[in-house]
A.B. asks: 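The structure under discussion is supplied below as structure tokens; questions concerning it will follow.
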Protein chains: 2
Amino acid sequence: MDFQVKFTVNDKIFLKDPENSVLGRQIIKNAIDLIYRIGFESFTFKKLAIEINTTEATIYRYFENKHRLLLYILNWYWSYMSFLIMFKLQNIEDNKSKLETIIHLLTHELPESSGTLDYNKKYLNHIVIAESSKVYLVKDIQEINKDEVFKPYKELCLMIAQIITSYNPSYKYPRSLSSTLIETSHYEQFFIHNLPRLTDVSPENRNEFTAMFLNDLVFKALL
Amino acid sequence: MDFQVKFTVNDKIFLKDPENSVLGRQIIKNAIDLIYRIGFESFTFKKLAIEINTTEATIYRYFENKHRLLLYILNWYWSYMSFLIMFKLQNIEDNKSKLETIIHLLTHELPESSGTLDYNKKYLNHIVIAESSKVYLVKDIQEINKDEVFKPYKELCLMIAQIITSYNPSYKYPRSLSSTLIETSHYEQFFIHNLPRLTDVSPENRNEFTAMFLNDLVFKALL
DNA sequence: TAACAACAATAGTATTACTATTTAAGTTCA
DNA sequence: TGAACTTAAATAGTAATACTATTGTTGTTA
């Protein structure tokens with residue numbers, strides 16, 4: 001089985017839909033590679049243009065600025081994660097298993113698909129961990145939020161919150177626990193690799209640590 | 001009672017200690033005000049120089065770049081928070097009360113002191129919430145970390161972790177719970193004000209919400 | 001008071017973020 | 001077919017930003 005999944009990204013994020021042209025898709029694919037390599041602060045449209053043999057101005061016809069391009073990538077990620085969760089939960093009845101599956105998905109690399117035009121999931125994962133908070137930790141968040149560009153994040157959060165409520169209807173903070181779960185899965189993974197003293201990771205459980213910690217945390221919270 | 005607290009900040013963060021000159025102290029004080037006003041991305045040494053009637057080059061004699069200046073401010077915050085916690089826990093015997101006090105401190109504005117040369121605590125709090133992750137979510141974190149510039153954060157994290165262990169010696173993730181507590185206290189406060197759908201806040205409990213959520217989360221985790 | 005640090009200002013440069021305008025490449029339809 | 005009309009992408013900029021090399025100025029101490 002092989003298939004391509006396409007998500008509709010809010011058209012206020014881009015000026016010209018990158019999904020509709022070869023160049024547009026190249027921009028996204030290479031942006032992911034480049035942001036992974038040099039980090040979002042060093043990433044510029046000039047450098048990206050050189051990578052794909054075009055000019056800065058051309059990229060500016062697709063995105064207003066680099067912040068919007070990152071927002072596009074994260075919208076794609078949040079939509080993809082929502083899809084993956086729905087897909088994987090299909091035949092699971094037990095709410096505990098559902099939450100365990102979600103925690104596993106949030107704390108491990110995205111499954112690599114075989115489509116050639118597909119984005120590099122390893123890099124995408126890395127970007128989500130290290131750069132995602134930079135799309136909302138900005139001064140003009142209120143203004144940006146009006147365009148509903150965080151809708152996929154809110155939907156992902158709500159979807160998990162609903163499963164939390166199914167598991168324990170009396171729990172009072174389903175959405176906060178959901179956003180905490182998402183955010184914590186990212187930065188604990190970041191800390192493990194870069195500031196391990198802020199965690200209790202040990203060399204043996206590096207890969208499973210974040211999932212173990214979050215499973216413990218979430219199910220105790222929902223007892 | 002009125003007193004000034006001074007913290008020794010790792011001297012690898014600055015080129016010239018801003019504590020040792022009037023201009024240096026002006027740089028820090030006005031940097032906090034300016035970052036609060038316009039956000040870290042828009043903040044430049046040029047703009048700061050205009051604020052305090054000096055030149056860019058002068059500020060570059062104190063700090064290598066704006067990232068280091070933010071790091072200096074956060075080192076000060078982490079040290080101050082550690083001090084505040086130690087101070088407030090003085091006569092508390094009960095470990096549960098200790099943790100409740102810590103959660104209260106992390107989720108509320110810093111107490112305003114009366115010293116005139118002191119930093120604006122309201123602004124500092126805002127900066128910690130919205131900008132702190134930008135000091136470690138950078139590509140060269142490994143390199144930067146070698147200078148021990150995150151020591152105050154690690155010490156704060158460890159201090160809380162030790163109280164967690166005192167409260168429940170069998171709990172397996174004291175440091176991760178501690179870093180989660182610190183980080184979650186920041187971004188839940190951010191979400192409440194900017195993306196409330198990611199939380200369960202209601203107009204009535206806005207001020208106490210983060211503390212309520214974290215108290216519930218932490219004490220259930222430590223049962 | 002000469003020597004020499006420490007400090008801060010001047011005057012730059014290279015890069016970055018972004019735009020206005022022009023040129024080229026399709027499409028549509030009489 | 002080819003004129004009219006879109007759409008796409010390149011050229012060639014500008015203003016702001018991040019950072020540096022050099023010079024001048026002040027203060028200290030021997």
Side-chain angles (χ1 to χ4, degrees), chain A residues 11-31 34-35 37-73 131 134-135 137-140 143-144 147, chain B residues 11-31 34-35 37-73 131 134-135 137-140 143-144 147:
Chain A
D11 63 12
K12 291 211 172 127
I13 295 176
F14 49 74
L15 298 172
K16 177 178 149 64
D17 193 346
E19 274 301 314
N20 290 341
S21 69
V22 179
L23 186 65
R25 287 187 293 270
Q26 272 218 311
I27 287 172
I28 305 303
K29 194 188 176 322
N30 285 273
L34 193 55
I35 293 171
R37 274 218 314 279
I38 65 176
F40 188 63
E41 278 73 34
S42 305
F43 170 81
T44 69
F45 279 2
K46 176 86 190 175
K47 289 174 187 167
L48 177 56
I50 292 169
E51 286 291 310
I52 53 181
N53 267 303
T54 183
T55 62
E56 265 181 292
T58 301
I59 301 167
Y60 275 105
R61 305 199 127 264
Y62 286 83
F63 294 99
E64 212 182 316
N65 51 48
K66 69 175 186 173
H67 179 267
R68 291 271 150 161
L69 175 45
L70 181 60
L71 196 49
Y72 180 91
I73 293 170
E131 323 285 5
K134 293 169 194 170
V135 301
L137 292 180
V138 290
K139 195 71 195 175
D140 52 348
E143 207 48 48
I144 295 170
D147 288 340
Chain B
D11 62 13
K12 291 208 172 130
I13 295 175
F14 49 74
L15 300 171
K16 175 177 153 63
D17 192 346
E19 274 302 314
N20 289 340
S21 68
V22 179
L23 186 66
R25 286 187 292 269
Q26 272 218 312
I27 288 172
I28 304 303
K29 190 186 180 323
N30 286 274
L34 194 55
I35 293 170
R37 272 218 314 279
I38 65 175
F40 188 62
E41 279 72 34
S42 305
F43 170 80
T44 70
F45 279 4
K46 177 86 190 175
K47 289 172 187 168
L48 177 56
I50 291 169
E51 287 289 312
I52 53 181
N53 267 303
T54 182
T55 62
E56 266 180 289
T58 300
I59 301 168
Y60 275 106
R61 308 198 127 262
Y62 285 84
F63 294 99
E64 215 183 312
N65 51 49
K66 67 174 186 173
H67 180 267
R68 291 270 150 163
L69 174 46
L70 181 59
L71 196 49
Y72 180 91
I73 293 170
E131 322 286 4
K134 293 168 193 170
V135 301
L137 291 181
V138 289
K139 196 68 195 176
D140 52 347
E143 205 48 49
I144 295 171
D147 288 340

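Each chain gets a letter, A, B and so on, in the order its sequence line appears, and its residues count up from 1.
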A.B. asks: What's the separation between atom NZ in B:Lys16 and atom CD1 in B:Ile59, rounded to the nearest 0.5 Å?
C.D. replies: 13.5 Å
A.B. asks: If I take atom CZ in residue B:Phe43 and atom P in nucleotide D:dT17, what distance separates them, rounded to the nearest angstrom?
C.D. replies: 12 Å
A.B. asks: Which residues in residues 44-56 of chain A have at least one heavy atom lying under 4.0 Å from any atom of DNA chain C?
C.D. replies: A:Thr44, A:Lys47, A:Glu56
A.B. asks: Is there a residue in residues 13-24 of chain B whose heavy atoms reach under 4.0 Å of DNA chain D, and which residues are they?
C.D. replies: none
A.B. asks: Rounded to the nearest 0.5 Å, what's the gap from CG on A:Asn30 to CD1 on A:Ile50? Could you check?
C.D. replies: 12.5 Å
A.B. asks: For B:Glu19, which residues count as a salt bridge (Lys or Arg N to Asp or Glu O under 4.0 Å) partner, sequence neighbours excluded?
C.D. replies: B:Lys6
A.B. asks: Check this for me, if you would: do B:Glu41 and B:Lys134 make a salt bridge, where the nitrogen-to-carboxylate-oxygen distance has to be below 4.0 angstrom?
C.D. replies: yes
A.B. asks: Quick one: how far along DNA chain C does chain A reach, first to last nucleotide 5' to 3', anything under 4.0 Å to a heavy atom?
C.D. replies: C:dT16 to C:dT19
A.B. asks: Name all residues meeting the side chain to side chain contact (heavy atoms under 4.5 Å, CB included) criterion together with B:Lys139; count only those two or more places apart in sequence or in a different chain, and write none if there are none.
C.D. replies: A:His126
A.B. asks: Do A:Arg61 side-chain and D:dA9 base share a donor-acceptor contact under 3.5 Å?
C.D. replies: yes
A.B. asks: May I ask you to decide if B:Lys12's main-chain N or O and B:Arg68's side chain share a donor-acceptor pair within less than 3.5 Å?
C.D. replies: yes
A.B. asks: Check B:Glu131 against B:Gly39 and note the closest heavy-atom contact, atom names and distance.
C.D. replies: OE2-CA, 3.7 Å
A.B. asks: With rounding to the nearest 0.5 Å, note down the distance linking CZ in A:Arg61 to CG in A:Leu23.
C.D. replies: 11.5 Å
A.B. asks: Should the pair B:Lys66 and B:Phe40 be classed as cation-pi, given the thresholds of under 6.0 Å to the six-membered ring centre and 45° from the axis?
C.D. replies: yes
A.B. asks: Please work out if B:Tyr62 contacts a base, only the sugar-phosphate, or nothing of the nucleic acid, heavy-atom cut-off 4.0 Å.
C.D. replies: sugar-phosphate
A.B. asks: Identify, with sequence neighbours excluded, every residue that meets ring-ring contact (aromatic ring centres under 6.0 Å, His included) alongside A:Tyr72.
C.D. replies: A:Phe63
A.B. asks: Between P on D:dC19 and CD on B:Glu64, what's the gap in Å once rounded to a whole number?
C.D. replies: 8 Å
A.B. asks: Any side-chain heavy atom of B:Leu48 within less than 4.5 Å of one from B:Leu69?
C.D. replies: yes
A.B. asks: Can you tell me how far C1' of D:dT17 sits from NE2 of B:His67, to the nearest Å?
C.D. replies: 18 Å
